[in-house]
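In what follows, a single structure is set out as C-alpha cells and then discussed.
Hydrogens, waters and symmetry mates are skipped; everything else that's a heavy atom, side chains included, is used. No experiment lies behind these values; they were computed from the predicted model shown. Within every chain, numbering begins at 1; the chains are lettered A, B, ... in the order of the sequence lines, protein sequences first and strands thereafter.
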Amino acid sequence: MEGKKGIIFTGGIIGIISVLLVYFGNPANMGYCIACFLRDIAGGMGIHRAGVVQYIRPEIIGLVLGAFLISFKNKEFEAKGGSSPFTRFMLGIVVMIGALIFLGCPLRMVLRLGGGDLNALFGIAGFIAGIFVGVQFLNKGFNLKRNYKMPKLEGYIFPAVNIGWLILLIAAPAFIFFSAEGPGSMAAPILISLAAGLIVGALAQRTRLCMVGGTRDMILFRDKYLLLGFISIIVFSFIGNLIFGFFNLGFEGQPIAHTDGLWNFLGMSLVGWGSVLLGGCPLRQLILSGEGNTDSVVSVMGLLVGAGIAHNFGLAASPAGVPLNGKIAAIICFLFLGAVSYFNSDDLAKN
Amino acid sequence: MKKIDTRGMSCPQPVLMTKNALDKNPEGVDIIVDNNTAKGNVERFLKNAGFKASIKEDDKDFIIEARK
C-alpha cells in the first residue's frame, strides 16, 4: 500500500464509503467529518448541550482503533509525546472553532464539494490561504520542538478510551446524550459506521493520508503525493454522489452549510493555518493518536473541548450563518495563531 | 559528512531540515530519523530532488545517507 497507487486507492475508498455512509443514514455530505463527529461525541458526553448534535460516532472509534491495530501489527506503534503539549491543545481548540464556523473539517470540505456544494470552494480557498501562511512560518524555522519516548501505557490509554466510548454507545446509559432530531440523530447503523472507521483508519495509517499535508508539501517541496489523496476523495465522492443521486450543484439550500463566502473562507483559513502548525489535519491527528502519539491525543482533546466552547459560547455556525460571537472568536483565534507562529519560529524569535 | 538529527520532530520538519541542510551542503548529508513515516518522506524528497539515498538501521533509528 505504498506509493501513488496506494494514496489514490485510499482516497477512492474514502470517497465511496462516505457516500455509502450517507446512504445508510449519516447526514448529507457527512459520510466522514472529523470535526463534526468529535463535536457530536462532545455533545454525547454533555460537554455541550446543543441537543441536535449529540451522538457517540463509531466512525471516530473505528479510525483510532484501525490505526492502532495496523500500527501495532506492523511494529509502528510507539508511545511518544512532550512536544509543546499545551500549545497543541490550544491549537486543537482553534482548529475546531474554525471548522465549526465553516461547518466541516478538511475532509468534509472536500466531501461537500464532491456532493456539489459550491460553498466549499470558498472553504478550499481559505484552507489553501491558511496553509500558505503557515508554510511561511515553517520557512522561518517554526517548530514545536521534539517529542520523546513515553511509557507504553501512555500510548495505550487513548485507544482504550475509544473502547470505553464504544461500550457507552452500546450500553447507552442515561447520562449519555443522544439527539432525537437534527444531524446528531442521523447515523448509519453502528456496525457499518465502525467498520467504515476501521477500514479507513488502517488505510490512512499505512498511506499517511493528510488533508493539510497535500497542499503544504506541494508549496514547500513540489511533492504531490498527499495531494493525490485529497483530489482522489473529491473525484470518487463526486462519482459516488452521482450514482446514488445525491449530487446537487449550487450554493443555496446545501445540507448543513451556510452561504457566507467570507466566513467560509476565514473559518477554513483558521483550520489550514492551525493544522500546519500541528503538523497534520484533524484526521491525521486521530490516526497518530492511534499510533501512540500523545501530542496528537492532546490535540484531539483540544478539538473536543473546542467543540464544547463553540456550542456553549454560541460560536458555531448554522445553516442561518455565522453568529457575531463566532466572528469575534475567529479574530481572537487568528491573533493566537499569529503569536504561536511568531514565537515558535527560530528565525523570528529567540527561544 | 554533515549530520542532522530529525528524531522527535513532527511533519514536515524532517524533510524541511533535510532540504535546508542540502542547500548548504549540496554534496550530501546524513539524516537520522526515528520513524517509518519520516524515513519514507525523506526518501521521497531525496528522490524528487535528484539525490541518492542509502539507509542503515541504527538500533531503533535509521541513518539515511543522501549523496549527489
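- Between chain B and the options A:L138, A:N139, A:L144, heavy-atom pairs under 4.5 Å are most frequent for A:L138.
- Note that CZ of B:R44 is 6.0 Å distant from CG of A:L226, once rounded to the nearest 0.5 Å.
- Residue contact with chain B, scored on non-hydrogen atoms closer than 4.5 Å, involves the side chain of A:D217 exclusively.
- For A:F72, the CZ atom sits in a loose shell: 12 or fewer heavy atoms of surrounding residues, nucleotides or ligands are nearer than 6.0 Å.
- Among B:P12, B:G40, B:C11, B:A49, the residue making the largest number of heavy-atom pairs under 4.5 Å with chain A is B:P12.
- Interface summary for chain B: among A:G279, A:G141, A:G82, the most heavy-atom pairs under 4.5 angstrom belong to A:G279.
- Between the side chain of B:Q13 and the backbone N or O of A:F142, at least one donor-acceptor pair lies under 3.5 Å.
- We find the CD-CG distance between A:E78 and B:D34 to be 6.5 Å, quoted to the nearest 0.5 Å.
- Inspection of the A:E76 and B:N36 side chains reveals an N or O donor paired with an N or O acceptor under 3.5 Å.
- The shortest heavy-atom contact between A:R146 and B:R7 is NH1-O, 2.7 Å.
- The number of heavy atoms from other shown groups lying within 6.0 Å of OH (A:Y156) is above 12.
- Closest approach of A:F221 and B:V15 over heavy atoms only: CZ-CG1, 3.4 Å.
- Between chain B and the options A:R216, A:R222, A:K149, A:K80, the largest number of non-hydrogen pairs under 4.5 Å is found for A:R216.
- Counting heavy atoms from C-beta on, the side chains of B:S10 and A:N147 never come closer than 4.5 Å.
- Of all the heavy atoms in B:T37 and A:R284, the pair that sits closest is CG2-NH2, 3.8 Å.
- A distance of 7.0 Å separates CE of B:M9 from NZ of A:K145, quoted to the nearest 0.5 Å.
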